[in-house]
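Single-structure report; data block below.
Atoms within a ligand are numbered from 1 in the order they appear, just like the ligands themselves.
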Amino acid sequence: MTKKILITGVAGFIGSNLAERLIKEGYRVVGVDNLSAGVLEQVPKEVEFHKIDIRSKDIFPVFNGVDVVFHFAAKNCISECQLYPLETADVNIIGTLNVFDASLKAKVDRVIYAESSAIYEGTEIFPTPETNFTPQTFYAITKASNHLFAKAYQQFFGLKTVGMRYLNVYGPRQDYRRVVAPVMSAFIIKFLMGKRPKIFGNGLKRRDFIHVDDINDFHIMCINNEKVINKVFNLGGGKNYSIMEIYKMIQDILKIKIEPEFLPDVPGEAFESLGDITEARKIGWEPKMPLRDGLIGMIDYIKKEITKGNIKSDTVL
Ligand SMILES: NC(=O)c1ccc[n+]([C@@H]2O[C@H](COP(=O)([O-])OP(=O)(O)OC[C@H]3O[C@@H](n4cnc5c(N)ncnc54)[C@H](O)[C@@H]3O)[C@@H](O)[C@H]2O)c1
């Protein structure tokens, strides 16, 4: 019998890409999402979909017979989380504990859950190893709290967990609808609309980008591998780029020359991110997607979204 996998946040960026990949690899997939940010159209039709909030007890029966849980559902737009700390904690902490409880009750084999490299916001160590723990913003604090709760669920209840500290994940279906869209989506959309992209700060901030297909390689490895149990892994590209470098690379691919509009910096954002991926490499994982190829794929996806009418000129700030 093929394994049954449950994904929370299945209608979002990472969840929908993983669902597609798991279906292709022959797994049975159950999905949960309250569609607060996700889009139902992104969920592959083979997925048994349940529109439920992760904070609700209604998720419990959905976990019956599940082998592995991928828990992605979260409130994760950093600037919005800064405005609503209570709601952020409710979804990201209480929601996660409800997912852990449902997983325990259903005796699932393991829960692979999303932390975030935002936990390293305050760090001065680059590349940053998993031992670092310097969250600053409300979002990062909820993800750090997920990490501590996962350890306690391991220790006191024997729940097997795997923590994913993604750096900046990019690729098709990246959520461009947020209050502040992720940088690559925002630039590409503005360029394709013939408008000036906005840069918050001076463009010198450096970010570590990882393609969604690469992190899904690691997710697939985690389904059966015993070496990952009760550990946490950075998943990044192994190098970082300044925002201006990304801007120029996209301009170069599109052969468009438009000057950016510089705006004041977003408070709380780290100047640099660069994950140390030694631990994930020890499992046999390696990021493969060259940044330029990944950007070309993302541009193709955004062009199709514009043609479908899903992106309008006022979709991103
Ligand atoms: N994308 C990145 O670069 C990145 C980096 C680090 C960590 N992460 C983490 O990875 C996970 C997935 O990120 P993503 O980029 O796919 O985000 P996303 O916003 O595209 O997807 C999240 C999904 O969760 C759903 N959701 C939100 N609140 C919910 C609730 N209360 N009940 C049920 N569903 C709910 C949303 O509708 C959405 O479909 C998140 O936990 C995020 O914090 C992402």
Quiz item: Within a strict 4.5 Å, meaning less than it, do heavy atoms of the Leu291 and Ile246 side chains meet?
Solution: yes
Self-check item: Side chain proximity check, Ser16 to Val10, heavy atoms < 4.5 angstrom
Solution: no
Quiz item: When the ring centroid of Tyr113 is compared with that of Phe72, is the distance short of 6.0 Å?
Solution: no
Give me the ring orientation class for [X] and [Y]: parallel if the planes are under 30° apart, tilted from 30 to 60°, perpendicular past 60°.
| X | Y | value |
| --- | --- | --- |
| Tyr247 | Phe187 | perpendicular |
| His219 | Tyr166 | perpendicular |
| Phe133 | His147 | tilted |

Quiz item: So which residues, sorted by chain and number, lie with a heavy atom under 4.0 Å of ligand 1?
Solution: Gly9, Ala11, Gly12, Phe13, Ile14, Asp33, Asn34, Leu35, Ser36, Ala37, Gly38, Ile52, Asp53, Ile54, Arg55, Phe72, Ala73, Ala74, Asn76, Val91, Ala114, Glu115, Ser116, Tyr139, Lys143, Tyr166, Leu167, Asn168, Val169, Asp175, Arg178
